[in-house]
Amino acid sequence: MIECTQCHIKYGPKLHQCPNCGQVHQSTQAKQPRSPLHQYNQFLVRSLKQPLKAQWQWVNPWFGLVTFGLVLLMNTATASLLIASWSEQVGAVAGVMASQVVLRQRPNLLPLDMKALGGQLFILVVVVGIGFFLKRYLLKKTTTNLRAYLTEISAYSSISVILAFGALLAALCFGMSAIWFVLIMVAVMYVSLNIAVGISLFQTRWAAFDRVYAILLFEILTHVILAIGISQIVILNLLTGL
C-alpha cells in the first residue's frame, strides 16, 4: 500500500495517483527535463564514441550549429594566438622596423584572424551547402531541413571539436612553434567534414539517384568551387597588398 503524503489516504500500488486528492506518487512523477547543456554534452559524447549511432534525429536541431560554432571560435582563437606569437617574434628581431611596416598597412584591410574566420565560413558553406543541395534535390530527400542536416553532419564529424581544442592548446602553449601541428589538425578537420557529408549522402534511404555517383559529384563540385574561390581570394589579397 502507498500512503499519500498530502491527505494520508492509503491506496494500491497500481494506482499512479491518490484517488482522493489526485496527487501523483513520487515514483511515477515525470522526471525533470535535463538542461540543454547536459543534453548537448550527452549528444557530443555519444557522437564521439560512435558517430554512426549518435541518434542525431532525436536531439535538439540546434546542436549542429552549436558544434560548428564552437569549432569556428576555437579555430579563430588559434589563429589569433599564432598571429600574436608571430608578431612577437618579428618585433623581437626587427624592432622598430616591424612596427613601421605594420603602421604602413592600409586601414581597410581586415585583421588576419578575421580573415581566418571568413575563410572557415567560406569552406563550411561550400562543403555543407553542396552536400545539402545534393541530398535534398538530387537524392530527393525533401524532408531534410538545414538545421537537421547540420546536426547530422556535426554528429559524424564531432571529432573536429577535439581536434580544434588540441590545436588551440598547442597554439596557447607553444605559439608559432606549433604551426605544423595546427595545420595538420586543420587538414584532418577538413577531411572529417568531407567524410561526414559523404556518409550522409550514402546513408540516404530510397534515394532517387545513385548514391555513389552523388558522392563523386559532391567531391568534384566541392573541390572545383573551393579551388576557384581560394585562388580568387589569394589574388585579391595580393592585389590589395600592392
Side-chain angles (χ1 to χ4, degrees), residues 33-79 113-114 116-169 182 185-207 209 211 214-215 217-219 221-223 225-226 229:
R34 294 173 178 174
S35 65
L37 181 60
H38 185 269
Q39 294 176 14
Y40 176 74
N41 181 65
Q42 282 192 322
F43 163 72
L44 188 60
V45 170
R46 284 197 301 265
S47 60
L48 284 171
K49 290 181 177 179
Q50 294 179 311
L52 298 180
K53 298 181 180 180
Q55 296 181 343
W56 54 269
Q57 302 92 333
W58 314 114
V59 301
N60 192 314
W62 291 101
F63 283 175
L65 285 172
V66 172
T67 300
F68 285 117
L70 286 175
V71 173
L72 290 175
L73 288 176
M74 286 190 288
N75 286 342
T76 304
T78 300
D113 49 356
M114 291 298 100
L117 177 60
Q120 292 179 82
L121 286 173
F122 170 71
I123 294 174
L124 183 62
V125 168
V126 170
V127 176
V128 175
I130 292 177
F132 176 75
F133 179 84
L134 293 177
K135 183 164 186 171
R136 185 176 177 87
Y137 298 104
L138 183 64
L139 301 183
K140 301 298 182 182
K141 192 69 173 179
T142 55
T143 57
T144 301
N145 60 68
L146 185 57
R147 284 190 304 168
Y149 181 74
L150 287 173
T151 303
E152 179 187 7
I153 299 302
S154 69
Y156 299 149
S157 61
S158 57
I159 188 65
S160 296
V161 176
I162 304 299
L163 297 174
F165 184 68
L168 179 61
L169 285 181
V182 172
M185 294 298 100
V186 171
V188 176
M189 277 186 269
Y190 171 75
V191 171
S192 68
L193 178 64
N194 195 280
I195 292 175
V197 175
I199 293 174
S200 174
L201 293 174
F202 188 77
Q203 288 198 331
T204 303
R205 297 181 179 179
W206 303 294
F209 187 79
R211 293 172 295 177
I215 295 174
L217 182 60
F218 160 73
E219 296 293 346
L221 290 175
T222 298
H223 290 94
I225 293 176
L226 286 179

Quick one: [atom1] on [X] to [atom2] on [Y], what's the gap to the nearest 0.5 Å?
X      : Y      : atom1 : atom2 : result
Leu146 : Phe133 : CG    : CZ    : 13.5 Å
Ile199 : Ile195 : CD1   : CD1   : 6.5 Å
Leu221 : Leu226 : CG    : CG    : 10.5 Å
Tyr156 : Trp56  : OH    : CH2   : 6.0 Å
Thr204 : Lys141 : OG1   : NZ    : 6.5 Å
Phe68  : Ile153 : CZ    : CD1   : 6.5 Å

Do [X] and [Y] touch side chain to side chain, with heavy atoms closer than 4.5 Å?
X      : Y      : answer
Leu193 : Val128 : yes
Phe43  : Val66  : no
Ile159 : Ile162 : yes
Gln57  : Thr151 : no
Thr78  : Val186 : no
Met189 : Gln120 : no
Lys135 : Val197 : no
Tyr190 : Val127 : yes

Of all heavy-atom pairs between [X] and [Y], which one has the smallest distance, and what is that distance?
X      : Y      : answer
Ala54  : Arg46  : O-NE, 3.9 Å
Arg147 : Trp62  : NH1-NE1, 2.6 Å
Ala214 : Leu134 : O-CD1, 3.8 Å
Pro51  : Leu48  : CD-O, 4.3 Å
Ala79  : Ala116 : CB-CB, 3.8 Å

Is there a donor-acceptor pair closer than 3.5 Å between any side-chain N or O of [X] and the backbone N or O of [Y]?
X      : Y      : value
Ser157 : Ala196 : no
Arg136 : Thr144 : yes
Thr67  : Phe63  : yes

Quiz item: What do you reckon, is CZ of Phe165 surrounded by more than 12 foreign heavy atoms closer than 6.0 Å?
Solution: no

Quiz item: Would Tyr40 and Asn60 satisfy side-chain contact (heavy atoms from CB on, under 4.5 Å), going step by step from the backbone distance to the final call?
Solution: CA-CA 8 Å; Tyr40 176 74; Asn60 192 314; over 6 Å; no

Quiz item: Can you check side-chain contact (heavy atoms from CB on, under 4.5 Å) on Leu138 and Leu201, steps first, answer last?
Solution: CA-CA 10 Å; Leu138 183 64; Leu201 293 174; over 6 Å; no

